[in-house]
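Right, one structure below, let's go through it.
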2 protein chains.
Amino acid sequence: MKADVERMGEVLRSRNLKVTKMRRLIFEEILASSEAHLDAGEIHARLRRKGKSVSVATIYRALRLFVRIGLVSQVDFGESHSHYEREIAKAGHGHLICLACGRVLEFADERMDGVIGSIGKANAFALDKFSLQIFGYCRDCKKT
Amino acid sequence: MKADVERMGEVLRSRNLKVTKMRRLIFEEILASSEAHLDAGEIHARLRRKGKSVSVATIYRALRLFVRIGLVSQVDFGESHSHYEREIAKAGHGHLICLACGRVLEFADERMDGVIGSIGKANAFALDKFSLQIFGYCRDCKKT
DNA sequence: TTTAATGCAAACATTTTGCACCCTG
DNA sequence: CAGGGTGCAAAATGTTTGCATTAAA
């Protein structure tokens, strides 16, 4: 986690971008709540609760930047806003979203990469990334 | 296509919903431009161009309804708004999105369903649907 | 006729921008 | 101290809602 923040510094410096207090706070918040798949509003609320007041504009600017330089990835769970998580290298990584309680589970299945690679090849696409959301009902919710 | 519109009528009637002129126009527009993966604004613009003025509220209400009753599916290409396409039964259906020109290609790969089914099982999820977007550069754009 | 659907405009939610000021490098 | 970063508030998007009116069944 501390190492991640240091890496953030390196990545920023290597691009002549500044390592500011706000960027550190925002990035740390994403790391600290990796389970939660935070959205911009939630990041704002959590920082505020800790007495760190950061303007929403700064949060959105930082998030966009983090995504652009590959520190964070932007994910969509079928809502009207995006969520953000630390960029994960794991192969075949995606999310299972419960339609009842909203819970989000991560998964990683190496078979995905193979299938997606061949889909790309079949369509003459140079692949960059993919985004897979699986919707259903989680263990607890499917009972009811 | 005409058959599809009739099916729309049946589905609506079976739920005591009304088969209105506006709903027909909106649904026909989605069918007619199935390649285009229209968004709400585009549907509004196309209908207006044809001299059919439909309020945006009606378009959004119809789209939400169509999605709810399974006539249309809502897809997300990483933009700030949704696109809509006729609900497609094809197994393992997803989209390839070109990061340069924005072109959207559909694909269907039966292997996907197997992989996704086993991911669901492994996580005790009762699957409902999935959404897969693959981002990259299309044949034309990857050259440059 | 009765009930759902529509249009309009206002309200909302999310994200972006312009600009004066501030801080990191 | 130069140039990027921040805050604020206003604007831009995208979508939803309340309410009076219209049109299916």
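Every heavy atom of this structure was used, including side-chain atoms; hydrogens, water molecules and symmetry mates were not. We name chains A, B, ... by the order of the sequence lines, and we start the count at 1 in each one.
Where B/Val54 and A/His81 each meet DNA chain C at their nearest nucleotide, the meeting point lying more 5' is that of B/Val54. Both B/Thr20 and A/Ser55 lie close to DNA chain D; mapped to their nearest nucleotides by heavy-atom distance, the more 5′-ward contact belongs to A/Ser55. Taking for each of B/Ala57 and A/Arg61 the nucleotide of DNA chain D with the nearest heavy atom, the 5'-most of the two is the partner of A/Arg61.
Shortest non-hydrogen contact noted between A/Glu106 and A/Glu85 is OE2-OE1, 3.2 Å.
Between B/Arg64 atom CZ and C/dA5 atom P there is a gap of 12 Å when expressed in whole angstrom units. The CD1-P distance, from A/Ile59 to C/dT17, rounds to 17 Å in whole Å. Atom NZ of A/Lys21 is separated from atom C1' of C/dT24 by 13 Å (rounded to the nearest Å). B/Arg15 places its CZ atom 17 Å from the C1' atom of C/dA5, with the value rounded to the nearest Å. When rounded to the nearest whole Å, the span between CD1 of A/Ile26 and C1' of C/dT15 equals 14 Å. Across the protein-nucleic acid pair, A/Leu63 atom CG and C/dT14 atom C1' stand 12 Å apart, rounded to whole Å. The CZ-P distance, from A/Phe77 to C/dT14, rounds to 15 Å in whole Å. Separating the CD atom of A/Gln74 from the P atom of C/dT15 is a distance of 8 Å, rounded to the nearest angstrom.
Contact annotation: A/Tyr60 reaches the phosphate of C/dT15 (side-chain N/O to OP1 or OP2, under 4.0 Å).
Ring orientation note: the planes of A/Phe77 and A/His37 are nearly perpendicular, at an angle over 60° on the 30°/60° scale.
Outside the 6.0 Å centre-distance limit, the rings of B/Phe125 and A/Tyr137 are not counted as a close aromatic pair.
No donor-acceptor pair closer than 3.5 Å links the side chain of A/Asp76 to the backbone N or O of A/Ser82. Of the possible donor and acceptor atoms, none in the side chain of B/Thr58 sits under 3.5 Å from a partner among the backbone N and O of B/Val54.
Listed by chain and number, the residues in a side chain to side chain donor-acceptor pair (under 3.5 Å) with A/Ser131 are A/Gln133, B/Gln133 (sequence neighbours excluded).
The span of DNA chain D lying next to chain B, judged by atoms under 4.0 Å from heavy atoms, is bounded 5' to 3' by D/dG14 to D/dA25.
The shortest distance between side-chain heavy atoms of B/Ile134 and B/His95 does not fall below 4.5 Å.
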